[in-house]
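Working notes, structure below.
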Amino acid sequence: MMQVFNTITALQNTLDDWRAKDRTIAFVPTMGGLHDGHLALVKLAKQKADKVVVSIFVNPTQFSENEDFDQYPNTFEQDVLLLERNQVDGLFSPSVEQIYPQGLDADIDIGEIGNILCGASRPGHFQGVVQVVNRLFDIVKPNLAVFGKKDYQQLLIIKQMVAQLSLDVKIISHSIVREKDGLAMSTRNQYLSADERKVSPNLYRNLLELKREIQKGQAINVAVKQARMQIEKNFKLDYIETLDANTLKQITDNTSEIAILCAIFIGSTRLIDNVIFRR
Ligand code: PAF
């Protein structure tokens with residue numbers, strides 16, 4: 001039976017019990033609105049540790065003023081059912097006051113990687129992500145935590161934070177889970193109208209086409225220019241970048257893996273996707 005915790009104290013009492021019995025703990029932080037992508041993270045977490053804790057917390061500090069914090073999908077009851085069905089041991093669902101007793105100001109410096117790509121379009125976003133993940137890690141003290149690769153920049157930034165602060169938590173990632181037609185699963189897909197949903201899989205097709213062109217030996221800037229034109233047939237492009245997948249810096253002779261990273265708008269919905277491949 002899954003236990004639901006609304007307070008840090010209640011959660012930590014149970015975590016202490018588990019640790020006293022030498023149980024390892026895997027943690028999957030989420031903002032709710034759960035879909036099969038989240039459930040894949042849960043399944044991986046279950047394989048890697050004795051106990052799995054999921055958090056549902058829509059973190060205000062990673063949204064800017066003009067973003068969808070107030071409308072962010074809340075499917076709490078359904079989320080609870082899904083997590084129970086997937087044999088999660090503990091659900092942590094705290095209030096904003098529990099997470100930020102000292103106020104909302106972020107305080108970890110994440111440097112340049114927080115200012116590019118999604119960080120350029122969403123100023124302060126990654127500062128908020130790092131702030132909440134650090135706080136959640138501090139509360140849960142998991143042995144490992146699982147993140148999805150759709151938020152690829154987020155994943156690298158969290159790994160960087162763990163190294164910077166010497167945190168004793170292993171970061172594990174899961175590949176992108178897609179709908180049958182290729183659309184990357186996202187809570188925000190719920191915002192798409194039927195027509196928008198129909199064109200949305202073109203994004204992944206365009207990214208795969210770009211990957212093929214690069215693998216065929218096409219010059220990257222030429223291939224990206226072509227991809228940009230294709231994407232703009234269906235979407236308003238926020239960014240498309242082809243970078244070193246390990247550093248998110250420009251590709252060099254030493255680059256072993258390439259990341260194609262893209263963000264677009266369909267109507268007012270912003271979606272991201274990426275393709276990572278060996279050179
Ligand atoms: O990826 C997400 O859902 C969020 O950014 C996270 C990691 C739960 C932090 O709020």
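When a ligand or atom number is given, it counts from 1 through the structure's own listing order. Computation of the quantities below employed the complete heavy-atom set of this structure, encompassing side-chain atoms and omitting hydrogens, waters and symmetry-equivalent molecules.
Annotation: side chain to side chain donor-acceptor pair (under 3.5 Å) contacts of Asp273 (sequence neighbours excluded): Arg178. Among residues two or more places apart in sequence or in another chain, the side chain to side chain donor-acceptor pair (under 3.5 Å) test is passed with Ser121 by Asp238.
Aromatic ring centres of Phe92 and Phe27: separated by at least 6.0 Å.
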When you check ligand 1 against the protein, what N or O pairs turn up below 3.5 Å? List the atom names and distances, or just say none.
residue, atom, partner, partner atom, Å
ligand 1, 1 (O), Gln154, NE2, 2.8
ligand 1, 5 (O), Gln62, NE2, 3.0
ligand 1, 5 (O), Gln154, OE1, 2.7
ligand 1, 10 (O), Gln62, OE1, 2.6

Please set out all donor-acceptor pairs under 3.5 angstrom arising from side-chain atoms of residues 82-89, sequence neighbours excluded.
residue, atom, partner, partner atom, Å
Asn86, ND2, Leu82, O, 2.8
Asp89, OD2, Val52, N, 2.8

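Judged by distance alone, the side chains of Tyr100 and Thr61 do bring a donor and an acceptor atom under 3.5 Å apart.
Atom CG in Asn59 sits 8.5 Å away from atom CD1 in Ile99 (nearest 0.5 Å).
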